[in-house]
Amino acid sequence: MRIYNTLSHQLEEFVPLDGKRVRLYTCGPTVYNFAHIGNFRAYIFEDLLRRALKYFGYEVFQVMNLTDVDDKTIAGSIKAGVSLDAFTKTYKDAFFADLKALGIEPAERYPAATDHIAEMIAMIRILLEKGHAYRSEDGSIYFSVSSFPAYGKLAHLDMAGLRPGARVKHDEYEKENVADFALWKAWDEKDGGVVWDSPWGRGRPGWHIECSAMAMKYLGESFDLHTGGVDNIFPHHEDEIAQSEATTGKPFVKYWMHCAHLVVDGRKMSKSLGNFYTLRDILGKGYVGREIRYVLMAGHYRQSLNFSFDALNAARASLQRLDEFQGRLGAAKAASPQPSPIKGEGGIRGKDGSSFAATAAGPRPASSLLAGEDGGEGVPLPEWAAAAKRKFDAALSEDLNLAESLGALFDMVHAGNRAMDAGEVSPQQAVSVMVLLESLDKVLGFLSKPEEVIPREAMDLLEQRQNARKAKNWAEADRVRDALAALGWVVQDTPQGPKLKRK
């Protein structure tokens with residue numbers, strides 16, 4: 001597997017520090033508001049990376065931080081008139097609900113900054129002792145950029161423009177203001193009741209020290225992968241490297257990966273432009289998580305992504321095509337002369353004793369099933385499916401080139417539909433292709449169609465329509481049908497009775 005390392009500006013072979021175990025840190029949300037669709041572009045990229053690593057046989061231990069103390073969270077809690085914990089809990093809970101809606105796999109740890117103040121103080125103490133930090137007149141502690149000669153190596157900065165001693169106190173500042181940055185901020189009235197004691201006085205940590213302290217607590221002083229958006233490269237990730245390596249004297253992270261910005265309808269997302277969307281905004285317009293996931297994942301992570309409702313509609317059509325293909329495979333499988341496969345030693349066998357490569361309930365190892373081989377006992381994948389698998393894997397292993405991986409997937413759908421039209425797909429082959437799709441979905445996360453949850457209101461209206469039809473009150477039946485349509489549901493009258501389908 002090759003990935004693009006921001007640190008070297010090159011594609012590199014991915015070789016973890018500890019065999020097959022990958023330690024991964026991903027920058028999480030600052031929980032002062034609902035996360036917007038641009039944030040989720042980064043979280044989807046990180047989810048794809050995690051899933052791809054697992055797909056290729058690595059064991060992943062992921063840490064994603066929750067920034068619950070900084071300028072924004074403090075200002076928001078004071079404005080709302082509630083404690084910092086109460087204020088941030090609302091947005092923490094919303095964040096986890098959003099991750100679930102998008103099918104993002106949970107990380108192994110979600111450390112919150114406010115639970116790790118002791119680790120931050122210990123790290124600042126070492127930086128002071130080593131001469132990498134100093135105390136200002138107001139009691140704040142700053143990192144001395146000039147004390148770390150390698151500063152700028154991630155962002156590839158020209159250090160000639162640095163002004164020694166220039167200080168940046170705030171968490172939010174422009175990228176051109178390269179300067180000493182706050183590790184610990186002395187308390188002032190703007191912080192309200194948000195304050196901790198430290199050896200150098202009362203205050204709170206700076207934003208950058210939070211990630212370093214939490215990353216090293218759970219992943220060690222040196223670990224494999226650190227990710228985020230390109231806007232994190234400088235100053236946040238640059239500052240993480242400086243303070244971490246100055247503390248330990250060891251390399252902080254081996255590989256850095258960053259995703260490009262998301263724009264909406266070709267423009268930077270902005271509330272003033274009316275193109276600023278949270279995930280809730282998009283879901284409220286009738287789209288579902290897998291459609292949004294598809295759009296956020298479909299482009300290459302290092303290229304700017306243009307998000308639009310046209311793209312969401314195209315994603316809906318693409319997913320419908322995939323669903324229909326899987327439905328056809330299911331119908332082909334149902335034609336099997338072995339209707340009730342049972343597991344036996346050496347593989348999966350039908351009641352008549354015949355064996356085949358896998359069922360949807362339990363795949364054989366990828367080395368035998370998914371390479372188009374039968375392992376000496378089963379039915380291999382059709383060549384059109386095996387070829388798609390090879391292309392999918394090759395693209396995914398080359399810096400997560402999901403655009404080409406998806407191309408291989410849809411090539412398989414096209415070839416598979418032609419083969420089924422010609423009656424060239426046996427029930428056993430259909431099962432093998434279904435297992436392949438299950439395997440690919442461990443990376444994609446949108447092939448499995450989630451069970452539709454129909455709201456009680458819609459079910460009540462459906463019952464009203466049925467009662468009106470039984471009474472031959474066609475006007476009332478039409479009225480209820482229109483009411484259902486207004487809620488986003490279409491009634492389909494089938495031999496088994498009426499069913500609701502989302503518009």
Side-chain angles (χ1 to χ4, degrees), residues 3 6 16 21-54 58-70 72-73 85 88-117 119-120 171 205 207-233 236-237 239-241 244 252-259 262 278-279 289 292-293 296-297 301 400 443 445:
I3 58 174
T6 307
R21 188 170 188 265
V22 178
R23 288 169 290 164
L24 167 65
Y25 188 87
T26 55
C27 277
T30 301
V31 284
Y32 72 101
N33 207 335
F34 297 111
H36 57 70
I37 203 70
N39 300 138
F40 285 108
R41 198 275 159 100
Y43 304 143
I44 287 287
F45 145 63
E46 292 157 349
D47 185 56
L48 170 62
L49 173 62
R50 171 192 172 90
R51 287 168 174 263
L53 289 167
K54 291 168 64 178
Y58 295 100
E59 175 192 349
V60 178
F61 189 92
Q62 180 186 4
V63 175
M64 176 181 279
N65 70 294
L66 302 173
T67 298
D68 57 354
V69 54
D70 80 327
K72 290 179 177 178
T73 56
D85 285 347
T88 58
K89 184 179 186 304
T90 298
Y91 301 111
K92 289 177 183 177
D93 291 346
F95 174 68
F96 289 117
D98 289 348
L99 292 185
K100 186 175 181 180
L102 288 175
I104 294 176
E105 289 188 349
E108 280 63 40
R109 293 285 187 277
Y110 289 101
T114 52
D115 294 330
H116 297 80
I117 303 299
E119 288 82 358
M120 299 171 204
D171 293 324
W207 174 38
H208 310 299
I209 197 72
E210 296 176 2
C211 280
S212 287
M214 291 186 285
M216 290 196 289
K217 176 180 176 65
Y218 294 102
L219 299 175
E221 294 177 340
S222 299
F223 56 93
D224 302 293
L225 269 166
H226 196 314
T227 66
V230 292
D231 53 314
N232 291 140
I233 295 174
H236 183 46
H237 289 167
D239 292 353
E240 278 191 64
I241 291 173
S244 300
F252 181 42
V253 177
K254 186 174 183 181
Y255 303 98
W256 292 83
M257 297 178 71
H258 296 89
C259 66
L262 176 142
T278 66
L279 183 64
I292 301 169
R293 179 182 178 87
L296 294 177
M297 185 182 282
Y301 76 92
L400 306 179
V443 174

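As a basis for the values below, the full set of heavy atoms in this structure was taken, side chains included, without hydrogen atoms, waters or symmetry mates.
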Assess the residue pair Ser244 and Glu221 against the criterion (side chain to side chain contact (heavy atoms under 4.5 Å, CB included)); give the C-alpha distance rounded to whole Å, side-chain angles, the decisive distance to 0.1 Å, and a yes or no. CA-CA 8 Å; Ser244 300; Glu221 294 177 340; over 6 Å; no

For the student: nearest non-hydrogen atoms of Leu400 and Ala52, plus distance: CD2-CB, 3.7 Å

First locate atom NE2 of His208, then atom CG of Asp70, and finally report the distance between them rounded to the nearest 0.5 Å. 10.5 Å

Going through the checks in order, is the ring pair (Phe, Tyr, Trp, His ring centres under 6.0 Å) test met by Tyr25 and Phe252? CA-CA 11 Å; Tyr25 188 87; Phe252 181 42; 7.9 Å; no

Correct closest heavy-atom pair for Arg293 and Asp47 would be NH2-OD2, 2.7 Å

Hey, what's the ring geometry for Trp256 with His237, parallel, tilted or perpendicular (30° and 60° as the breaks)? tilted

Mind checking the CZ-CG spacing from Arg51 to Leu49? Nearest 0.5 Å is all I need. 12.0 Å

Scanning both residues in full, the closest heavy-atom pair of Cys27 with His226 reads SG-CE1, 3.7 Å

Sub-4.5 Å side-chain heavy-atom contact between Glu210 and Val69: yes

Salt bridge flag under 4.0 Å for residues Asp93 and Lys89: yes

Which atom pair, heavy atoms only, marks the closest approach of Pro106 to Arg50? O-NH2, 3.2 Å

Assess the residue pair Met64 and Tyr43 against the criterion (side chain to side chain contact (heavy atoms under 4.5 Å, CB included)); give the C-alpha distance rounded to whole Å, side-chain angles, the decisive distance to 0.1 Å, and a yes or no. CA-CA 10 Å; Met64 176 181 279; Tyr43 304 143; 3.9 Å; yes

Atom of Pro29, atom of Asn65 and distance for their closest heavy-atom approach: CD-O, 3.6 Å

Relative to the ring of Phe45, is the ring of Tyr301 parallel (under 30°), tilted (30 to 60°) or perpendicular (over 60°)? parallel

Do you know which two heavy atoms are closest between Arg21 and Pro16, and how far apart they sit? O-CB, 3.7 Å

Main-chain N/O of Ser222 paired with Arg23 side-chain donor or acceptor, under 3.5 Å: yes

What is the distance from atom OG1 of Thr227 to atom CE of Met257, rounded to the nearest 0.5 Å? 8.0 Å

Can you check whether Ile44 reaches Ile292 side chain to side chain, under 4.5 Å on heavy atoms? no

Between CG on residue Leu48 and CD1 on residue Ile104, distance to nearest 0.5 Å: 11.0 Å

Are the side chains of Lys217 and Pro111 in touch, meaning some heavy atoms are under 4.5 Å apart? no

Checking Leu99 against Tyr110 for the side chain to side chain contact (heavy atoms under 4.5 Å, CB included) test, could you report, in this order, the C-alpha distance in whole Å, the side-chain angles of both residues, the deciding distance, and whether it holds? CA-CA 13 Å; Leu99 292 185; Tyr110 289 101; 3.7 Å; yes

Value for SG (Cys211) from CG (Asp239), rounded to nearest 0.5 Å, stands at 11.0 Å

Do the rings of Phe34 and Tyr91 sit parallel, tilted or perpendicular, given the 30° and 60° boundaries? perpendicular

Beyond-backbone contact of Thr73 with Thr30, side-chain heavy atoms, under 4.5 angstrom: yes

The reported gap from CG in Asp98 to CZ in Phe40 (rounded to nearest 0.5 angstrom) is 4.0 Å

Please report the C-alpha distance between Thr26 and Gln62 in whole Å, then the side-chain angles of each, then the deciding distance to 0.1 Å, and finally whether the side chain to side chain contact (heavy atoms under 4.5 Å, CB included) criterion is met. CA-CA 7 Å; Thr26 55; Gln62 180 186 4; 3.1 Å; yes

Leu53 side chain reached by Leu225 side chain, heavy atoms, under 4.5 Å: yes

